[in-house]
Protein chains: 2
Amino acid sequence: MALQKEELFLKNKNIKPTAMRLLVLQYLFSCEEAVSLNQVEEALPNADKSTIFRSLKTFEEFGVVHSIREATLTKYALCKTCTAEVHTDKHPHFHCNKCDSTICLSHILLPQIQLPEHFKLQEQEYLIHGICDKCNAIA
Amino acid sequence: MALQKEELFLKNKNIKPTAMRLLVLQYLFSCEEAVSLNQVEEALPNADKSTIFRSLKTFEEFGVVHSIREATLTKYALCKTCTAEVHTDKHPHFHCNKCDSTICLSHILLPQIQLPEHFKLQEQEYLIHGICDKCNAIA
DNA sequence: CTTTATGCAAAGTATTTGCAAACGT
DNA sequence: ACGTTTGCAAATACTTTGCATAAAG
């Protein structure tokens, strides 16, 4: 059946591949950019928002997606190389102020910041705001 | 009077120095870290939350403070060198996952990210999560 | 007298949880 | 039968606005 790829994917991550999760994952695979909870909900009109929310939360926990906190809203994008134990797929994100799309700058490494003495780094969120290539082309 | 410093400060920024704004600013001057709207409200129990909110918004507009969007909450910190026209005081921020304090890493320059072709940079938010020096000392 | 700021109340937005029913094994 | 997931409803948390009054220039 059509969902086999997603099913295997979830099993490999030790996530029970339920119908809802497969739908959410399938949608995420179809997205080129990070999407918000609302966007997923709109894409899956019959799905309950809190169920989607919990699917995304599970996905994040098991290293399937990473979340990006924008001004008021959280977006989610598929991880390339993360596992539940180690979130290795770290990169800056770009938010277009015109079309509000959020793009993973996967090819750009997070800079090595030299923290002050006795500070311990755990995670980094680097969000760059500006105008994306498409909007620049229009303007 | 005691508020003269704050009063001059606001006048120099072309902000009318009202009583409320002076109180908010005075509190901000007393803070070593970025503070949330709730924190300002707690520090000024007789002040209305929406008034504080609007003061902070005005301050941000005129380059007095910058805001940092954390997981769920916005914090504000005084700018060192900004004006209403140009927000030059850009730096990463550090959020302690233990004590939830947010510290301006003013001495650290934002890295120069090489964006893909046709992308235009406007602003950057770089939030580093970890354990701060004080919490590390305790642990 | 006109403009701006304030306080109160309430709306708006997004996230998160409680609980009972449904599901999969 | 069992633990997990789902759908619905509602709570929570935070931000933001409308409006009438008050204050300032």
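In what follows, every chain begins at residue 1, and chains take the letters A, B, ... in the order their sequences are listed. Values below: every heavy atom of this structure, side chains too, minus hydrogens, waters and symmetry copies.
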Practice task
Have a look at T18(B) and say if it touches a base, only the backbone sugar-phosphate, or nothing, with a 4.0 Å heavy-atom cut-off.
Solution key: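 It contacts sugar-phosphate atoms only.
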
How close or far is atom [atom2] of [N] from atom [atom1] of [X], stated in whole angstroms?
X      : N       : atom1 : atom2 : result
E41(B) : dA13(D) : CD    : C1'   : 13 Å
Q39(B) : dT15(D) : CD    : C1'   : 16 Å
I52(B) : dC14(D) : CD1   : P     : 15 Å
N14(A) : dT5(D)  : CG    : P     : 12 Å
L56(A) : dT5(D)  : CG    : C1'   : 15 Å
L44(A) : dT6(D)  : CG    : P     : 12 Å
I15(B) : dT6(C)  : CD1   : P     : 12 Å
N46(B) : dC8(C)  : CG    : C1'   : 15 Å

Exercise for the section: For Y27(B), check ring pair (Phe, Tyr, Trp, His ring centres under 6.0 Å) against everything at least two apart and list the hits. Expected result: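 Ring pair (Phe, Tyr, Trp, His ring centres under 6.0 Å) list for Y27(B), sorted by chain: empty.
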
Exercise for the section: Let me have a per-nucleotide readout for nucleotides 11-25 of chain C, 5' to 3', with B, S or -, counting only protein heavy atoms under 4.0 Å. Expected result: ---SSBBB-------

Exercise for the section: List, by chain and number, the other hydrophobic cluster members for L110(B), where Ile, Leu, Val, Met, Phe, Trp and Tyr join if side-chain heavy atoms come within less than 4.5 Å, directly or indirectly. Expected result: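 Besides L110(B), the cluster holds F94(A), I103(A), L105(A), I108(A), L110(A), I113(A), L115(A), F119(A), L121(A), Y126(A), I128(A), F94(B), I103(B), L105(B), I108(B), I113(B), L115(B), F119(B), L121(B), Y126(B), I128(B).
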
Problem - H91(B) and H93(B): side chain donor to acceptor below 3.5 Å - result: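 There is such a pair between these side chains.
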
Practice task
Would you tell me whether Q122(B) and H129(A) have side-chain atoms, one donor and one acceptor, within less than 3.5 Å of each other?
Solution key: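 Looking only at side-chain atoms, H129(A) and Q122(B) do not form any donor-acceptor pair under 3.5 Å.
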
Problem - Side-chain touch K5(B)/F29(B), heavy atoms, less than 4.5 angstrom - result: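 Yes, close enough: below the 4.5 Å cut-off.
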
Exercise for the section: Can you measure from CD (E125(B)) to CD (E70(A)) and round to the nearest 0.5 angstrom? Expected result: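 Here the interatomic distance stands at 9.0 Å.
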
